[in-house]
Student: 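Below is the structure I would like to discuss, written out as structure tokens.
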Amino acid sequence: MISAQVWRDAGTVWEYHQMHHVPRACSVAIGLGSHDLSVATTAAEAYAAGLVPLLVFSGANSPTTRARFPEGEAVAYRKHALDLGVPSGAVLVEPHATNTGQNITYARKLLEAAGVDVSSVLLVSKPYEQRRAYATLRRLWPGVEVVCTSAPMEFRAYVDAIGDGRLVIDMLVGALQRLVVYPRQGFMIEQDVPGDVVAAYERLCGAGFTSRLVA
């Protein structure tokens with residue numbers, strides 16, 4: 001049973017992870033691989049709306065995606081985008097990345113090898129990974145503008161769609177911890193974390209939502 005306090009704290013952390021960018025035209029959309037197929041859907045919708053001329057899907061597999069996408073996250077995303085009407089020539093696949101830093105670095109190398117001139121990136125991720133993805137790209141690819149987007153879902157609707165509240169809250173907590181720890185290791189730029197978000201994070205950790213924390 002997840003308590004009302006846990007739901008409130010998780011909602012606070014969820015809201016912090018949103019960048020609240022307004023989607024606009026960019027050179028390319030980069031979809032970050034995960035268990036969440038809505039990333040591919042959102043990227044395909046951006047293409048259909050004329051916001052980007054090209055999609056890049058990046059991702060190999062992780063313990064949470066291997067069973068669902070045995071062919072790899074990026075490959076599964078590409079198939080889904082093609083099913084939604086994106087032409088095959090408008091999709092590039094980077095199938096080797098296993099973390100957000102590699103998603104950005106490998107996608108950048110793929111685009112450079114393809115001769116694509118990139119001045120701005122529509123960065124498509126899970127809703128609670130927006131801030132982490134933004135901070136990572138700003139560190140690893142500082143010369144481009146970045147606009148974050150994801151499926152437009154409220155927190156509880158997202159939990160219902162995933163079907164596992166504890167997993168989602170664990171992911172929220174893990175993503176926030178990385179925003180604090182990874183800048184010290186040079187993986188992303190620093191982000192200010194408000195006091196109410198820190199307090200919510202600490203209560204969630206105390207309540208046992210720690211399975212996605214890094215050592």
Student: How many angstroms lie between CD in Q18 and SG in C148, if you round to the nearest 0.5 Å?
Tutor: 10.0 Å
Student: Are the side chain of H17 and the backbone of A175 linked by a donor-acceptor contact shorter than 3.5 Å?
Tutor: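 Flag not set: sc H17 to bb A175 has no pair under 3.5 Å.
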Student: What are the two closest non-hydrogen atoms of S34 and T65, and how far apart are they?
Tutor: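 Where S34 meets T65 most closely, the heavy atoms are C-CG2, 3.4 Å.
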Student: If you round to the nearest 0.5 Å, how far is OG1 of T100 from CZ of R139?
Tutor: 15.0 Å
Student: For Y158 and D36, test the side chains for any donor-to-acceptor distance below 3.5 angstrom and give the result as yes or no.
Tutor: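 Side-chain D/A pair, Y158 to D36: present.
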Student: V214 versus Y182: any side-chain heavy-atom pair under 4.5 Å?
Tutor: yes
Student: What are the two closest non-hydrogen atoms of S27 and S119, and how far apart are they?
Tutor: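 Between these two residues, the closest heavy atoms are OG-N, 3.0 Å.
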Student: Can you see which heavy atom on A43 is nearest to which on L55, and at what distance?
Tutor: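 That closest heavy-atom pairing would be O-CD2, 3.5 Å.
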Student: Check A74 against P95 and note the closest heavy-atom contact, atom names and distance.
Tutor: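 That would be CB-CA, 4.4 Å.
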Student: What verdict does the side chain to side chain contact (heavy atoms under 4.5 Å, CB included) test give for R138 and M188, after you've listed the backbone C-alpha separation in whole Å, the side-chain angles of each residue and the deciding distance to 0.1 Å?
Tutor: CA-CA 7 Å; R138 286 289 309 281; M188 60 179 67; over 6 Å; no
Student: Considering residues, nucleotides and ligands other than D117, do more than 12 of their heavy atoms fall under 6.0 Å from its CG?
Tutor: no
Student: Which pairs, with at least one residue in residues 203-213 and sequence neighbours excluded, count as a side chain to side chain donor-acceptor pair (under 3.5 Å)?
Tutor: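 For residues 203-213: D9-R203, D170-S211.
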Student: Any chance you could measure Y106, atom OH, to R108, atom CZ, to the nearest 0.5 Å?
Tutor: 14.5 Å
Student: Do the charged groups of E145 and R24 touch, with an N to O distance under 4.0 Å?
Tutor: yes
Student: For the CD atom of E15 and the CG atom of L172, what is their distance to the nearest 0.5 Å?
Tutor: 11.5 Å
Student: As a quick check of understanding, evaluate side chain to side chain contact (heavy atoms under 4.5 Å, CB included) for L82 and S88, giving each step before the final call.
Tutor: CA-CA 6 Å; L82 297 187; S88 61; 4.1 Å; yes
Student: Can a donor-acceptor pair be found, under 3.5 Å and without considering hydrogens, that links the side chain of R68 to the backbone of H35?
Tutor: yes
Student: Could you tell me whether R178 sits above the aromatic face of F187, with NZ or CZ closer than 6.0 angstrom to the six-membered ring centre and within 45 degrees of the axis?
Tutor: no
Student: Is any NZ, NE, NH1 or NH2 atom of the basic residue among D160 and R156 found under 4.0 Å from an Asp or Glu carboxylate oxygen of the other?
Tutor: no
Student: If two hydrophobic side chains count as joined below 4.5 Å and joins carry through other members, does M171 share a cluster with Y201?
Tutor: yes
Student: Using 30° and 60° as the class boundaries, would you call the ring planes of Y77 and F57 parallel, tilted or perpendicular?
Tutor: perpendicular
Student: How close do E73 and S62 get, heavy atom to heavy atom, and via which atoms?
Tutor: OE2-N, 3.7 Å
Student: When clusters are formed from ILVMFWY side-chain contacts under 4.5 Å, directly or step by step, what else is grouped with V144?
Tutor: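 Noted: V144 shares its cluster with M19, V28, I30, L32, L54, V56, L92, I104, L110, L111, V116, V118, V121, L123, Y134, L137, L140, W141, V146, I189.
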Student: So, taking the atom named CD in Q102 and the one named OG1 in T136, what distance separates them when rounded to the nearest 0.5 Å?
Tutor: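 Q102 atom CD to T136 atom OG1 measures 12.0 Å (nearest 0.5 Å).
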Student: Would you say the side chain of Q177 lies within less than 4.5 Å of the side chain of L179, judging by non-hydrogen atoms?
Tutor: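 Not in contact.
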Student: Answer yes or no: does atom CD of E71 have more than 12 heavy-atom neighbours from other residues, nucleotides or ligands under 6.0 Å?
Tutor: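 Atom CD in E71 is crowded, with more than 12 foreign heavy atoms closer than 6.0 Å.
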Student: Per the side chain to side chain contact (heavy atoms under 4.5 Å, CB included) rule, which among T42, L51, V124 passes with P23?
Tutor: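 Only match with P23 under side chain to side chain contact (heavy atoms under 4.5 Å, CB included): L51.
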Student: Do any N or O atoms from the side chain of N103 and from the backbone of T98 form a donor-acceptor pair under 3.5 angstrom?
Tutor: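 No, the answer is negative, given that no donor and acceptor are paired below the 3.5 Å cut-off.
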Student: When you measure from the side chain of E94 to the backbone of H96, do you find a donor-acceptor pair of N or O atoms at a distance under 3.5 Å?
Tutor: yes
Student: Could you report the tightest heavy-atom contact between L176 and V193, atom names first, then the distance?
Tutor: CD1-CG1, 4.2 Å
Student: Please step through side chain to side chain contact (heavy atoms under 4.5 Å, CB included) for the pair F69 and L37, ending with a clear verdict.
Tutor: CA-CA 10 Å; F69 302 135; L37 205 56; 3.9 Å; yes
Student: Can we say E112 and K109 salt-bridge, meaning some charged N sits less than 4.0 Å from an Asp/Glu carboxylate O?
Tutor: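 Judged by the 4.0 Å cut-off on N to carboxylate O distance, E112 and K109 do not form a salt bridge.
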Student: Would you please test H80 and T41 for side-chain hydrogen bond (donor to acceptor under 3.5 Å, both in side chains) and show each step?
Tutor: CA-CA 7 Å; H80 186 64; T41 301; 2.8 Å; yes
Student: Tell me whether V39 is reachable from L84 by hopping between hydrophobic residues (I, L, V, M, F, W, Y) whose side-chain heavy atoms are closer than 4.5 Å.
Tutor: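 Different clusters.
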Student: Between V6 and F209, is a side chain to side chain contact (heavy atoms under 4.5 Å, CB included) present by the stated rule, with each step listed?
Tutor: CA-CA 10 Å; V6 165; F209 293 90; 3.6 Å; yes
Student: Apply side-chain hydrogen bond (donor to acceptor under 3.5 Å, both in side chains) to S125 and Q130, showing your working.
Tutor: CA-CA 6 Å; S125 67; Q130 281 191 23; 5.5 Å; no
Student: When rounded to the nearest 0.5 angstrom, what is the spacing between CD1 in I169 and CH2 in W7?
Tutor: 4.5 Å
